Student: 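Handing you this structure, nothing more for now.
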Amino acid sequence: MNIDILLGLQWGDEGKGKIVDALTPDYDIVARFQGGPNAGHTIEFNGVKHVLHLIPSGIFHDGKINIIGNGLVIDPVVFRHEVESLSLDIGVVRERLLISLKAHLILPTHKLLDAAQEASLGESKIGSTLRGIGPAYTDKAARSGVRVGDLFRKDFREIYRARVEGHLRMLAGFGLSNDLKELEEEWFGAVEYLRQFRTVNADYHIDMSLREGRRVLAEGAQGTMLDIDFGTYPFVTSSNTVAAGACTGLGIAPARTGEVFGIFKAYCTRVGSGPFPTELDDADGQMMRERGNEFGSTTGRPRRCGWLDLPALKYAIMVNGVTRLFMMKADVLSGFSEIKVCRSYTVGGMEVTELPYCLNDIEEINYRSMPGWQGDIRGCRKWEELPPELRDYIEYVEKETGVPVTIVSVGPDRSATVYRQ
Ligand code: GDP
Ligand code: IMO
Ligand code: MG
């Protein structure tokens with residue numbers, strides 16, 4: 001058996017949570033491979049909305065295992081809050097969830113450092129979610145991280161203290177002196193809570209599961225344009241959000257990867273700072289934000305909106321090896337008389353279809369205009385029921401990218417999904 005990978009092709013919030021949940025019945029295991037509580041994955045069914053940050057999006061399905069992989073950074077406080085606010089009994093969550101011993105922990109001081117670093121950047125701030133992600137991954141790379149497996153060591157408190165002393169010295173460098181008493185009480189309480197959950201050598205577990213013929217779906221967080229290597233650096237997150245990240249974030253050999261499902265919105269959004277070539281600062285952008293309810297699932301910040309960017313989408317397809325595309329939020333574009341798609345950029349007076357090294361070098365966006373579609377399409381369940389203009393739009397994307405669009409999402413609910421072979 002090979003492992004299928006599902007990931008975002010844009011700047012995050014493409015609708016990964018919805019589709020992972022919808023596809024879970026086809027799998028035995030859902031495994032998150034990177035990121036942390038910066039993610040906000042929304043799932044809607046039976047009229048109720050659930051937002052997950054650390055827990056994989058297969059958690060609502062009976063009989064399925066959800067794995068938090070080694071590639072994640074876990075904040076025990078967020079984890080506790082998330083489990084406690086789930087509509088599931090804790091016993092059920094314990095049964096369905098496995099946590100990698102090699103996943104890293106976000107310490108209270110990581111969050112303080114995230115805030116201090118952002119504040120020091122002034123105008124050029126990243127727009128981080130302030131969840132401590134960057135500092136936690138910094139410690140991982142610097143070989144000074146604290147891992148879930150360390151929770152079970154007798155000298156855990158000493159390991160913790162040594163790291164925090166280092167962080168306090170860094171915070172002093174920012175002119176900050178922090179009283180950690182309350183934060184630490186909350187954190188250690190949450191650590192005790194976390195200890196009740198099942199931990200595992202996720203790499204061995206996944207290997208064994210694949211050998212036994214079980215089907216595994218790897219769930220990405222963020223999106224390709226936020227990848228630490230391939231995104232709009234430095235306005236990115238601190239992990240590899242691309243397909244290769246599933247290998248390092250779960251312990252899977254590249255030869256064992258199967259399908260790569262690439263999720264994209266019918267338009268584009270971005271939350272936080274950094275270049276966004278097709279961003280609209282006009283009534284169309286406003287309409288997308290309102291109709292698409294484009295406000296961050298984690299921070300509530302309004303998302304920047306713009307037309308679909310084909311050069312960026314093709315780039316994401318290339319670096320991920322996408323085998324199937326899923327178009328999300330097609331319903332949000334209903335009502336526009338005209339739909340625009342960026343087909344190329346002008347850089348240095350020349351028309352280019354490749355992403356330039358620096359997206360700020362883009363002088364002009366060259367759009368193709370297509371007729372829009374009208375009416376409420378949320379009830380559509382079959383390809384033939386979609387308006388012909390939307391089908392033309394999708395077929396244009398397929399032609400340009402060379403990858404089939406096999407799912408079209410027409411609403412936030414689990415059921416508002418058009419499957420196409
Ligand atoms: P994720 O981070 O990729 O899981 O995406 P988010 O959950 O952060 O953001 C996607 C938002 O769009 C959520 O509020 C979803 O409920 C919603 N959503 C997902 N698919 C659709 C869709 O096809 N149509 C509409 N209108 N909303 C959708
Ligand atoms: P999901 O999984 C959208 C953005 C932040 C910021 C940058 C760095 O829900 O798609 P970080 O806190 O990671 O250091 O922030 O990345 N960002 C996201 N944007 N969706 C996400 O996750 C994001 N996670 C981080 O807004 O610009
Ligand atoms: Mg999100």
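No experiment lies behind these values; they were computed from the predicted model shown. Start at 1 and go down the list; that is how both ligands and their atoms are numbered.
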Student: Please work out whether any backbone atom (N, CA, C, O) or any side-chain heavy atom from C-beta onward of Trp11 is under 4.0 Å from ligand 2, and answer side chain, backbone, both or neither.
Tutor: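 Near ligand 2, Trp11 shows its backbone, while the atoms from C-beta on stay back.
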Student: Who gets closest to atom 13 (C) of ligand 1 by heavy atom: Thr42, Leu52, Val271?
Tutor: Thr42
Student: How are the rings of His167 and His110 set to each other: parallel, tilted or perpendicular (split at 30° and 60°)?
Tutor: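 His167 vs His110 ring planes: tilted.
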Student: So, is Glu14 polar-close to ligand 2, with some N/O to N/O distance under 3.5 Å?
Tutor: no
Student: Under 4.0 Å, heavy-atom basis, I'd like to know which part of His50 is in contact with ligand 1: side chain, backbone, both or neither.
Tutor: neither
Student: Between atom CD of Glu95 and atom CG of Asp89, what is the distance when rounded to the nearest 0.5 Å?
Tutor: 9.5 Å
Student: Compute the centroid of each ring, for Phe45 and then for His50, and state whether the two points are separated by less than 6.0 Å.
Tutor: yes
Student: Test of understanding: given a 4.0 Å heavy-atom threshold, classify the contact between Thr129 and ligand 2 as side chain, backbone, both, or neither.
Tutor: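 Looking at Thr129 and ligand 2, atoms from backbone and side chain both fall under 4.0 Å.
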Student: Any nitrogen or oxygen of Gln222, side chain or backbone, less than 3.5 Å from one on ligand 2?
Tutor: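 Yes, there is a polar N/O contact under 3.5 Å.
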Student: Quick one: does Lys49 get an N or O within less than 3.5 Å of an N or O on ligand 1?
Tutor: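 N/O-N/O distance under 3.5 Å: no.
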Student: Give me the nearest non-hydrogen protein atom to atom 13 (O) of ligand 2 as residue plus atom name, then the distance to 0.1 Å.
Tutor: Thr237 OG1, 2.6 Å
Student: Could you identify the single nearest non-hydrogen protein atom to atom 24 (N) of ligand 1 and state the distance to 0.1 Å?
Tutor: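 Nearest protein contact, heavy atoms only, for atom 24 (N) of ligand 1 is Asp331 OD1, 2.7 Å.
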Student: Identify whether the distance between the nearest side-chain nitrogen and carboxylate oxygen of Arg420 and Glu398 falls below 4.0 Å.
Tutor: yes
Student: Are the side chains of Asp4 and Tyr27 in contact, using a 4.5 Å heavy-atom criterion?
Tutor: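 SC-SC contact between Tyr27 and Asp4 confirmed.
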Student: Heavy-atom contact check, 4.0 Å cutoff: does Asn293 meet ligand 1?
Tutor: no
Student: Rounded to the nearest 0.5 Å, what's the gap from CZ on Arg215 to CG on Asp28? Could you check?
Tutor: 8.5 Å
Student: Taking the basic N atoms (NZ, or NE/NH1/NH2) and the acidic carboxylate oxygens, is any pair closer than 4.0 Å for Arg163 and Asp139?
Tutor: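 So Arg163 does not pair with Asp139 through a salt bridge.
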Student: What are the atoms of ligand 1, with element, lying closer than 4.0 Å to any heavy atom of Lys18?
Tutor: 20 (N)
Student: Which of the N/O/S atoms in Asp13 sits closest to the Mg ion (ligand 3)?
Tutor: OD1
Student: Does ligand 1 have any atom that is closer than 4.0 Å to a heavy atom of Arg303?
Tutor: yes
Student: Taking both backbone and side-chain atoms of Gly15, is any N or O found less than 3.5 Å from an N or O belonging to ligand 1?
Tutor: yes
Student: What part of Val332, side chain from CB on, backbone N/CA/C/O, both or neither, has a heavy atom under 4.0 Å from ligand 1?
Tutor: side chain
Student: For ligand 2, is Gly8 a contact, meaning one of its heavy atoms is under 4.0 Å away?
Tutor: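 No; Gly8 lies far enough from ligand 2 that no heavy-atom distance drops under 4.0 Å.
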Student: With heavy-atom distances below 4.0 Å as the criterion, list the atoms of ligand 1 near Gly411.
Tutor: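 Listed by number with element: 20 (N), 21 (C), 22 (C), 23 (O), 24 (N), 25 (C).
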Student: Among all protein heavy atoms, pick the one closest to atom 23 (O) of ligand 1 and tell me residue, atom and distance.
Tutor: Ser409 OG, 2.5 Å
Student: Among all protein non-hydrogen atoms, which one is nearest to atom 10 (C) of ligand 1, and what is the separation to 0.1 Å?
Tutor: Asp13 O, 3.6 Å
Student: Whether the side chain of Arg381 engages the backbone of Ser415 through a donor-acceptor N/O pair (distance < 3.5 Å, no angle test) should be reported.
Tutor: yes
Student: Would you mind checking if Glu400 and Arg343 are paired as a salt bridge, meaning a charged N to carboxylate O distance below 4.0 Å?
Tutor: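 No, no charged N to carboxylate O under 4.0 Å.
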Student: So does Gly40 have any N/O/S atom less than 2.8 Å away from the Mg ion (ligand 3)?
Tutor: yes
Student: Would you please determine whether Arg131 falls within less than 4.0 Å of ligand 2 on a heavy-atom basis?
Tutor: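 So Arg131 does not count as touching ligand 2.
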Student: Are Arg324 and Glu259 within salt-bridge range, i.e. N to O under 4.0 Å?
Tutor: yes
Student: Mind checking whether Glu44 contacts ligand 1 via backbone (N, CA, C, O), side chain (CB onward), both or neither, at a 4.0 Å heavy-atom cut-off?
Tutor: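 Side chain only; the backbone of Glu44 stays clear of ligand 1.
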Student: I need the nearest protein heavy-atom contact for atom 27 (N) of ligand 1: residue, atom name and distance, please.
Tutor: Lys329 CE, 3.3 Å
Student: Judged by non-hydrogen atoms, does Gly40 sit under 4.0 Å from ligand 1?
Tutor: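 Yes, Gly40 has heavy atoms under 4.0 Å from ligand 1.
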Student: Walk me through it: do Arg304 and Asp281 pass the test salt bridge (charged side-chain N to carboxylate O under 4.0 Å, His left out)?
Tutor: CA-CA 8 Å; Arg304 300 153 66 192; Asp281 208 7; over 6 Å; no
Student: Would you call the rings of Trp11 and Phe276 parallel, tilted or perpendicular, where under 30° means parallel and over 60° means perpendicular?
Tutor: tilted
Student: Suppose I only count heavy atoms of Met328 and a 4.0 Å limit; which atoms of ligand 1 are within that range?
Tutor: 20 (N)
Student: I need the contact type for Arg378 against ligand 1. Using non-hydrogen atoms and a strict under-4.0 Å cut-off, is it side chain, backbone, both or neither?
Tutor: side chain
Student: Checking Ser57 against Glu219: is there a side-chain donor and acceptor pair closer than 3.5 Å?
Tutor: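 A donor-acceptor contact under 3.5 Å links the two side chains.
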